[in-house]
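To keep things clear, I will list the structure first and then write my remarks on it.
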Amino acid sequence: MSIPVAVAADFVLNSLIKLAESSARIQAARAEGRTTLTTQEWNNIIATNDAARAAAQTAVDRALES
């Protein structure tokens with residue numbers, strides 16, 4: 001099996017972007033002096049993670065079809 005470099009790069013970049021979004025949410029809470037996230041903030045982090053995982057799987061599936 002070989003994976004195109006462009007697919008691998010997109011996979012990594014998208015993963016980093018989603019991690020940065022989640023990190024920004026956590027940093028914002030800390031900047032406000034909070035030590036906890038709201039349920040909505042946590043749900044957003046989970047949803048972002050789930051979406052990134054689904055996108056990664058789609059990218060891998062497409063690469064395998066190539």
Side-chain angles (χ1 to χ4, degrees):
M1 168 179 70
S2 62
I3 305 299
V5 171
V7 171
D10 284 347
F11 171 81
V12 170
L13 291 174
N14 286 329
S15 297
L16 290 172
I17 289 167
K18 297 305 178 190
L19 285 172
E21 290 172 2
S22 294
S23 178
R25 288 185 178 102
I26 294 167
Q27 289 175 5
R30 284 185 175 155
E32 294 171 1
R34 295 189 285 135
T35 58
T36 61
L37 298 172
T38 66
T39 301
Q40 184 60 45
E41 288 169 326
W42 183 242
N43 287 336
N44 286 341
I45 289 170
I46 292 169
T48 298
N49 183 57
D50 290 346
R53 186 178 304 130
Q57 186 62 54
T58 298
V60 169
D61 293 344
R62 275 193 228 143
L64 291 173
E65 292 171 359
S66 300

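In this chain, numbering begins with 1 at the start of the sequence shown. Note that the coordinates shown come from a computational prediction; the quantities given were computed from them, not determined experimentally.
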| query | Can you name the salt bridge (Lys or Arg N to Asp or Glu O under 4.0 Å) partners of Asp50, sequence neighbours left out? | reply |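 Expected list: Arg53.
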| Between Thr36 and Ala29, which heavy-atom pair has the shortest distance, and what is it? |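 That closest heavy-atom pairing would be O-CB, 4.3 Å.
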| field | Closest non-hydrogen atom pair between Arg25 and Leu37, with its separation | value |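 In this case the closest contact between Arg25 and Leu37 is O-CD2, 4.3 Å.
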| query | Mind checking what makes side-chain hydrogen bond (donor to acceptor under 3.5 Å, both in side chains) contact with Thr58, not counting sequence neighbours? | reply |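 Residues passing side-chain hydrogen bond (donor to acceptor under 3.5 Å, both in side chains) with Thr58: none at all.
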| request: Kindly compute the distance separating CD1 (Ile45) from CD1 (Ile26), expressed to the nearest 0.5 Å. | output: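 Reported to 0.5 Å precision, the distance equals 4.0 Å.
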| query | From Phe11 CZ over to Leu13 CG, what is the distance, rounded to the nearest 0.5 angstrom? | reply |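 Spacing of CZ (Phe11) from CG (Leu13) equals 11.0 Å.
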| Listed partners of Ile17 passing side chain to side chain contact (heavy atoms under 4.5 Å, CB included), at least two apart |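 Partners of Ile17 by the side chain to side chain contact (heavy atoms under 4.5 Å, CB included) criterion, ordered by chain and then number, come out as Asn14, Glu21.
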| Does atom CZ of Arg30 have more than 12 heavy-atom neighbours from other groups under 6.0 Å away? |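 Incorrect, the count does not exceed 12.
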